[in-house]
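Note that ligands are numbered from 1 as they come in the structure, with each ligand's atoms numbered from 1 the same way.
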Amino acid sequence: MKKISVFIIALAIAVTNLKADEGMWLPYLLGNKTYADMVKHGLKLTKEQLYNINKPSIKDAIVLFGNGCTGEIVSKEGLLFTNHHCGYSDIAAVSTPENNHLKNGFWAKSKSDEIACPGLSVQFLIKVEDVTSKVQEQLKTVAPSDLATKLPSILNELSKKASENSIYEVRISSFFKGNQFLQFTYLRYKDVRLVGTPPESIGKFGGDTDNWEWPRHTGDFSIFRVYMGKDGKPAEYLADNIPYSPNYFLPVSIKGFKDGDYSMIFGYPASTNRYETTYGIKLKLDIENPSVVNLRDTRLKLMHAEMVKDPKVKLQLAGRYAQIANYWKFFDGESKQLIQHNTLEQKQTIENDFQHWAKGKKEYENIFSDLKTAYDNWRPYAKHRIYIFEGILGSPLMAFAVQLNQLIQMQAAGKLNDKTIAGFKAAYTKFIKAENIASDKNTLAAMLKAFYKDIDATQQPKDFYSAFKPLGSLDSDVPYQKMSETIFSNSMLLDESKFNTFLNNPDTIALKKDIAFDVASTFFDNYNNNYNKYYNNFIAETYRLTNLYLKGVLERESNKENLYPDANQTMRVSYGNVKSYQPRDGVFYNQICTSKGLLEKYKPGDLEFDMPEKLIDLIKAKDFGAYVDKASNDLVVTFITNNDITGGNSGSPVLNASGELIGLAFDGNYEALGHKIAIDKNLNRTICLDVRYLLFIVDKLGGAKNLINELSLK
Ligand code: ARG
């Protein structure tokens, strides 16, 4: 599952009681009780084989891939597997309509064919240290109400200091809502090349219709290689860099598995919120999720309309579209599942229990009444904030324009210099390359209208909409379309040569007169000057209170090993079993999907369910080679386990009891989309690509035996 990338990563609180199959454990702090439970589930490895800082262990084969996925090293020459949807933007970026790797697939038959991916990097975890007391020392002088705002910069400073003059990157992460701090040291490799990808019709088979759903037939994988300098150190891309030589790489199993077999997943889950309170859930259900879904729905339709017209636009917008679509469906499903499973009631019981325990303990007594006040105070403005970030700034032009406020501030502070200007130039190049005027123009018109229709009139920027009235009825689309047209025809932000000239010698007066900048600022300033203070108070209060809540939860628990921290993009391991399930009464879902289902779903010419002819031929001929599943006498495409994972785990290795790769985790199931907040053990499933399907595609469809030969097959 790909990392969530919206601003509403709500209060990431933590912990819950130990239940088998639930928990994203820190391999570095794996307790004896947890390890014993893994063994009970079937694990045949020692703790040291999972994580060891002195000797090669599985953790050495796991990387944080790009900005928010997981990848694993599978050969002694740095070959890496991850999901197709994790490599998606990079594959699109190295594709052109003439050389369309996204559409047609790509297989490097030798290392010299591999394609550099500028901007893509992977990070290896080197070590972890507990720095709680060091951080708490720094926090002593900070008032509780300032904690939320000051903590990030304090952690940044400490991290920066710890990585000074070294090739390592250090990041300190907060656990149990600021009750524990761990320092992670990473080594980042920036020369990562595309080695192979199936055509999109395989890698994204089923598209958004099947996204977050089981049964599933998506061949969601792509293959990269990590390179290093000749001196063995990380290096920027250089043609004669050499393949990365890992401490450890994963063997690949083609033996198969059966329902109930052990499964273990390592990776970088980005965020969960398992100790979310009833107040947070109510805000999510009433305001946050419906607003995001509604705005994204509109934006996606407008992007899609342009993408289907022109392959160039499709490549240009593909990555962004997929990212927006992924969590559009997630948030919609999340609301449905939270309601379906009575999560509010469950959390109410947990809160009642806590309050019962907290009786007479002064420090904890008012947590929930204070939380209620904090949420009540913020609620009237919550929708406005979403309509700014997901609505107005959902227009890429508006989002770029808003960034230019920094330029104005820097100039006023005398901080504009060649280096900072180069930063703006880079941001501009990125913006203009991704800018599709047709869809953006329609998006802005739609977002201006949505803001007018849905946001309390008293909160709208003063006089802004009244100026529209002469253009047409504010209930129709006309004035918004005219306004957007005017913005797009007149802004210098869309004139590359004009804007680059401007950046060489920024004249902020001219910028302030630019119509796109002016409109973006009108909305942004209105929000910032009048409403953001409520948000800051809300964040400060909820941080203070949830920090306290978690302190209490930790204090109450006599065996700390029963608690696992919320996901926060640090390496975790989760264990469980391959497992079928019953999504609803009378319905049984098998633990595997096979090639048979591919043919059943196949729709020639369809945008989501088309398939390459060669794949159909291979399946019809049952030409599965060594990759056939003996039990079903078919090709297993995907399978499910009851491992606890979330967004960020995408691309994660799924390992059997001996630590051999059997699959790649790539999604969660619809019936458990409330999983960020509460796990339903009976329903929660991780959807995995069977590694034998990956090998089949590489070998039989791609003819890339060279890659198969690199692996250690078991
Ligand atoms: N739901 C998957 C995840 O979060 C992403 C799948 C991408 N596919 C898609 N049709 N958008 O990792």
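In terms of modelled atom types and a separation under 3.5 Å, the side chain of D310 and the main chain of K312 share a donor-acceptor contact.
Residues S201 and D610 have side chains that never bring a donor and an acceptor to within less than 3.5 angstrom of each other. Between the side chains of S263 and N643, at least one donor N or O lies within less than 3.5 Å of an accepting N or O. In the model, D440 has a side-chain atom that pairs as donor or acceptor with a side-chain atom of S395 under 3.5 Å.
Among residues at least two apart or in separate chains, salt bridge (Lys or Arg N to Asp or Glu O under 4.0 Å) pairs with a member in residues 314-323 are E200-K314.
In this structure, the side chains of Y268 and N649 stay at 4.5 Å or more apart for every pair of heavy atoms.
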Go ahead and list the nitrogen or oxygen contacts between ligand 1 and the protein that come in under 3.5 Å, distances to 0.1 Å, or just say none.
from	atom 1	to	atom 2	distance (Å)
ligand 1	1 (N)	N211	OD1	2.6
ligand 1	1 (N)	N326	OD1	2.8
ligand 1	1 (N)	D667	OD1	2.8
ligand 1	1 (N)	D667	OD2	3.4
ligand 1	4 (O)	K2	N	2.8
ligand 1	4 (O)	N326	OD1	3.4
ligand 1	4 (O)	N326	ND2	2.9
ligand 1	10 (N)	G207	O	3.2
ligand 1	10 (N)	D208	OD1	3.1
ligand 1	11 (N)	D208	OD1	3.2
ligand 1	11 (N)	N211	ND2	3.4
ligand 1	12 (O)	M1	N	3.2
ligand 1	12 (O)	K2	N	2.1
ligand 1	12 (O)	H85	NE2	2.8
ligand 1	12 (O)	S650	OG	2.8
ligand 1	12 (O)	F666	O	3.4

